[in-house]
Amino acid sequence: MRTPIIEALSSQAAVDDIQVCGWVRTRRDAKAFSFLELNDGSCLRGIQVVVDAGTPGSEGLAEMTTGASVAVRGRLVPSQGKEQAWEVQAAEVQLLGAADETYPLQKKGHSLEFLREIAHLRPRSNLFGAVFRVRSRMAYAVHNFFQERGFMNVHTPMITASDCEGAGEMFRVTTLAPGAAKLDEDFFGKPAFLTVSGQLEAETLACALGKVYTFGPTFRAENSNTSRHAAEFWMIEPEQAFCDLAGNMDLAEAQLQHQVRDALKHCAEDLAFFAKYVDKGLLERLQFVAERPFQRVSYTEAVRLLEASGPAFEYPVAYGLNLQSEHERWLTEQHFQCPVIVYNYPKDIKPFYMRQNEDGLTVAAMDVLVPGIGEIIGGSQREERPDRLLAAMAQHGLSEAEYWWYADLRKYGTVPHAGYGMGFERLLMFITGVGNIRDVIPFARTPGHADF
RNA sequence: UCCGGUGUAGCUCAGCGGCAGAGCGGGUGGCUGUUAACCAUUAGGUCGUAGGUUCGAUCCCUACCGCCGGAGCCA
């Protein structure tokens, strides 16, 4: 029975008979024996295996080079070396699969750009092993957070016929041949797309189950070429009935803090690696976010602060204009130096479904901004008043016929409700310090790139 | 899509209008309870692609392509 290396390394006592399997990171030969360092992905560190000359299977040692896969049986014993507490004294080694001299991962560091070209092998590197372990833990923590608070996980459709929501360009889903004329003969009888958000559908479930959340892939066909955008990404979208904007902000803050605390507690070794090689200030920042309340500032106040601030911005600051990246970064990195929630945006720069405030000018929207990333969460209280919603839809040029089911929620037992969307990859960038979204998802889809 | 940068060995990079370089990695030999081991030795190149200027271009110019950073859009 194979013992994961993470368990072998944390053993409390020697073990007479243990089997470990993994990929060779490095081999160091002496005259009478060899050291093999094996990593199996269960944790950042590898385990040192001592193979004496003449050990059964050691005739394959020459092929146990970096990248080769190996199975070892032997004794787990205290190491004589300084760098590790335990090592395996091999009784039998077996070469499972060799890796010849073309194996691209070296013992030395590689650039992230090069590793992207070998996305099928980069999980075997220290950095990407750590990223994907943290990704797994953070997905688990998402479900933990919501399930413990009585939220139901709902599955909203990947394929949708409702376009828009103001969330950007969509990918078309079709079985028609290119250039086909008869669009009504398409699979769904009308144009269909990959979803850009499960929000509208999640609202219907919130207005029945009370508290729900989605966690799944989302698609945007925007020609965005930045380190923060991908064409396929994962989004977490909670939605609560009987909830207003303040409750929504409370939830967003609590969830973000939960994710950070969970990572600090359960991914300490991997985070320490990021702090050493990727982002020196990572642990301090995460600690700070875990402990301190977020700043909350209205859009109007934010504009006032930006106007009164010293630095000259490239883009103008004025009421009614969107906050630019540089403005968001100034608020969260320079002025408040912590996560900031900006709320109550002008209605003209926000989508139709957001609830109008009594001032007639703003809607109950909120964005959570974090240092280094900018916007990580966007949400709002939804417009629950039927007349207001229909008016907003008309203003945005949306057809009532298309969104009849969405309007029905307001027609039958409407309730105040609110929710938000959190970009999972942006969360991972924040938690790992990794600066490019292409490096926190195993196989990134960006304009012109759908390899692997 | 726009702005800026960049492209030289498997990787990371230096270089120069006149014979193509280093470190790492690979091969080989040696040494050592080693720790991204160490020492010696060796192989490895269409200098992104196509044009142009020049006696001569990896170097200068133009276009295209790739990649990186920033911006817009957003999560």
Side-chain angles (χ1 to χ4, degrees), chain A residues 24-37 39 45-52 62 65-67 77-84 87 89 99-118 125-126 165-169 196-199 215 217-237 252 277 313-315 321-329 349-351 367-370 373-379 420-430 435-441 446-449:
Chain A
V24 176
R25 283 297 177 78
T26 178
R27 189 188 82 217
R28 295 176 288 270
D29 295 323
K31 185 166 286 178
F33 53 88
S34 291
F35 296 107
L36 283 179
E37 189 186 330
N39 182 285
R45 289 187 299 154
I47 194 163
Q48 174 162 289
V49 178
V50 184
V51 185
D52 290 333
T65 53
T66 302
V77 297
S79 176
Q80 301 172 33
K82 293 189 177 77
E83 305 291 320
Q84 60 278 318
E87 66 188 16
Q89 180 65 50
D100 68 16
E101 66 280 356
T102 62
Y103 183 67
L105 287 172
Q106 302 178 359
K107 300 172 198 172
K108 301 275 181 182
H110 291 288
S111 68
L112 294 174
E113 295 78 26
F114 172 69
L115 291 168
R116 277 175 213 148
E117 295 171 4
I118 50 167
S125 67
N126 284 333
E165 301 157 25
E169 297 296 314
V196 295
S197 166
Q199 178 199 316
F215 183 17
T218 304
F219 309 89
R220 305 270 167 98
E222 295 287 346
N223 188 18
S224 293
N225 245 304
T226 83
S227 56
R228 307 183 307 285
H229 289 87
E232 176 183 299
F233 63 98
W234 285 60
M235 190 152 63
I236 301 135
E237 294 181 287
Y277 293 106
F313 294 111
E314 188 180 345
Y315 288 88
L321 298 181
N322 252 318
L323 297 181
Q324 303 293 315
S325 285
E326 58 173 343
H327 306 143
E328 295 180 346
R329 294 184 72 122
I349 58 173
K350 288 293 180 184
D367 284 351
V368 179
L369 314 177
V370 295
I373 313 285
E375 184 179 346
I376 195 170
I377 291 171
Y420 61 81
M422 171 189 281
F424 188 52
E425 283 75 17
R426 291 199 181 165
L427 172 70
L428 291 173
M429 291 168 72
F430 182 65
N436 196 309
I437 199 166
R438 295 170 182 85
D439 299 325
V440 294
I441 187 166
T446 53
H449 296 278

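All chains are named by letter (A, B, ...) in the order of the sequence lines, taking the proteins before the strands, and each is independently numbered beginning at 1.
- Distances from the side chain of A:Asn322 to the nucleotides B:A75, B:C73, B:G33 place B:C73 closest.
- Checked against B:G72, B:A71, B:U34, the side chain of A:Phe35 finds its nearest nucleotide in B:U34.
- Of the candidates B:A37, B:G33, B:C74, the closest approach to any side-chain atom of A:Glu328 belongs to B:C74.
- A donor-acceptor contact under 3.5 angstrom links the side-chain atoms of A:Gln106 to the base of B:G10.
- Side-chain to base pairing of A:Gln80 with B:U34: no donor and acceptor N or O lie closer than 3.5 Å to each other.
- Of the candidates B:G33, B:A75, B:C11, the closest approach to any side-chain atom of A:Arg426 belongs to B:A75.
- A:Thr226 comes within 4.0 angstrom of a nucleotide base, judged by non-hydrogen atoms across all strands.
- At a threshold of 4.0 angstrom between heavy atoms, the contacts of A:Gln48 include nucleobase atoms, whether or not backbone atoms are also involved.
- Between the side chain of A:Ser224 and the base of B:C74 there is no donor-acceptor pair of N/O atoms closer than 3.5 Å.
- Side-chain N or O atoms of A:Arg27 include none that pairs as donor or acceptor with a backbone N or O of A:Thr66 at under 3.5 Å.
- Between the side chain of A:His327 and the backbone N or O of A:Phe313, no donor-acceptor pair lies under 3.5 Å.
- Base engagement by A:Gly81 is indicated by at least one non-hydrogen atom pair under 4.0 Å involving a base atom.
- Here A:Gln324 reaches the OP1 or OP2 of B:G72: one of its side-chain N or O atoms lies under 4.0 Å away.
- OP1 or OP2 of B:U12 has at least one side-chain nitrogen or oxygen of A:Ser111 nearer than 4.0 Å.
- Taking atom C1' on both B:A43 and B:G29, the two are 15 Å apart, rounded to the nearest angstrom.
- Remark: A:Arg220 is not in phosphate contact with B:C74, judged by side-chain N or O atoms under 4.0 Å from OP1 or OP2.
- At distances below 3.5 Å, at least one donor-acceptor pair connects side-chain atoms of A:Thr65 with backbone N or O atoms of A:Ala99.
- Among the atoms of the strands shown, none is found under 4.0 Å from any heavy atom of A:Glu237.
- Side-chain N/O atoms of A:Thr102 include none lying less than 4.0 angstrom from OP1 or OP2 on B:G26.
- Considering only side-chain atoms of A:Met235, the nucleotide from B:C68, B:U1, B:A75 that sits closest is B:A75.
- A donor-acceptor distance shorter than 3.5 angstrom exists from the side chain of A:Glu326 to the backbone of A:Tyr315, with no hydrogens or angles considered.
- In this structure, the nucleotide among B:U12, B:A37, B:G26 sitting nearest to the side chain of A:Arg28 is B:A37.
- Contact annotation for A:Ser79: base contact, defined as any heavy-atom pair under 4.0 Å involving a base atom.
- When each of B:G69, B:U12, B:G33 is scored by its nearest atom to the side-chain atoms of A:Asn436, the top-ranked nucleotide is B:G69.
- Looking at heavy-atom distances under 4.0 Å, A:Tyr315 makes contact with sugar-phosphate atoms alone, never a base.
- Taking for each of A:Glu314 and A:Lys350 the nucleotide of RNA chain B with the nearest heavy atom, the 5'-most of the two is the partner of A:Glu314.
- Contact annotation: A:Ser325 side-chain N/O to B:G72 OP1/OP2 distance is under 4.0 Å.
- Side-chain atoms of A:Glu425 do not come within 3.5 Å of backbone N or O of A:Phe233 as any donor-acceptor pair.
- Base orientation for B:C67: anti, the chi torsion being more than 90° from 0.
- Between A:Arg116 and the phosphate of B:C68, there is a side-chain N or O to OP1/OP2 separation shorter than 4.0 Å.
- Separating the C1' atom of B:C47 from that of B:U42 is a span of 23 Å, rounded to the nearest Å.
- Closest approach to the A:Glu375 side chain among B:A75, B:U34, B:A71 is made by B:A75 (side chain taken as heavy atoms from C-beta onward).
- With B:A75, B:U34, B:U1 as the choices, the nucleotide that has an atom nearest any side-chain atom of A:Asn225 turns out to be B:U1.
- Nucleotides B:A9 and B:G45 have their C1' atoms positioned 6 Å apart, rounded to a whole Å.
- Residue A:Ile376 is classed as a sugar-phosphate contact, given heavy-atom separations below 4.0 Å to backbone atoms only.
- Taking the side chain as every heavy atom from C-beta outward, A:Ile437 and A:His229 never approach each other to under 4.5 Å.
- Between the side chain of A:Gln89 and the backbone N or O of A:Val77, no donor-acceptor pair lies under 3.5 Å.
- Evaluation of atom-type donor-acceptor distances gives no pair under 3.5 Å for the side chain of A:His110 against the base of B:C11.
- Checking the phosphate oxygens (OP1, OP2) of B:C31, a side-chain nitrogen or oxygen of A:Lys31 falls inside 4.0 Å.
- In this structure, A:Phe233 counts as stacked on the base of B:A75 under the 5.5 Å centre distance and 30° plane angle limits.
- Within the 4.0 Å cut-off from OP1 or OP2 of B:A37, not a single side-chain nitrogen or oxygen of A:Arg27 is found.
- Side-chain nitrogen and oxygen atoms of A:His449 include at least one within less than 4.0 Å of the OP1 or OP2 phosphate oxygen of B:C67.
- Candidate nucleotides B:C67, B:G72, B:C24 were compared by shortest atom distance to the side chain of A:Glu113, and B:C67 ranks first.
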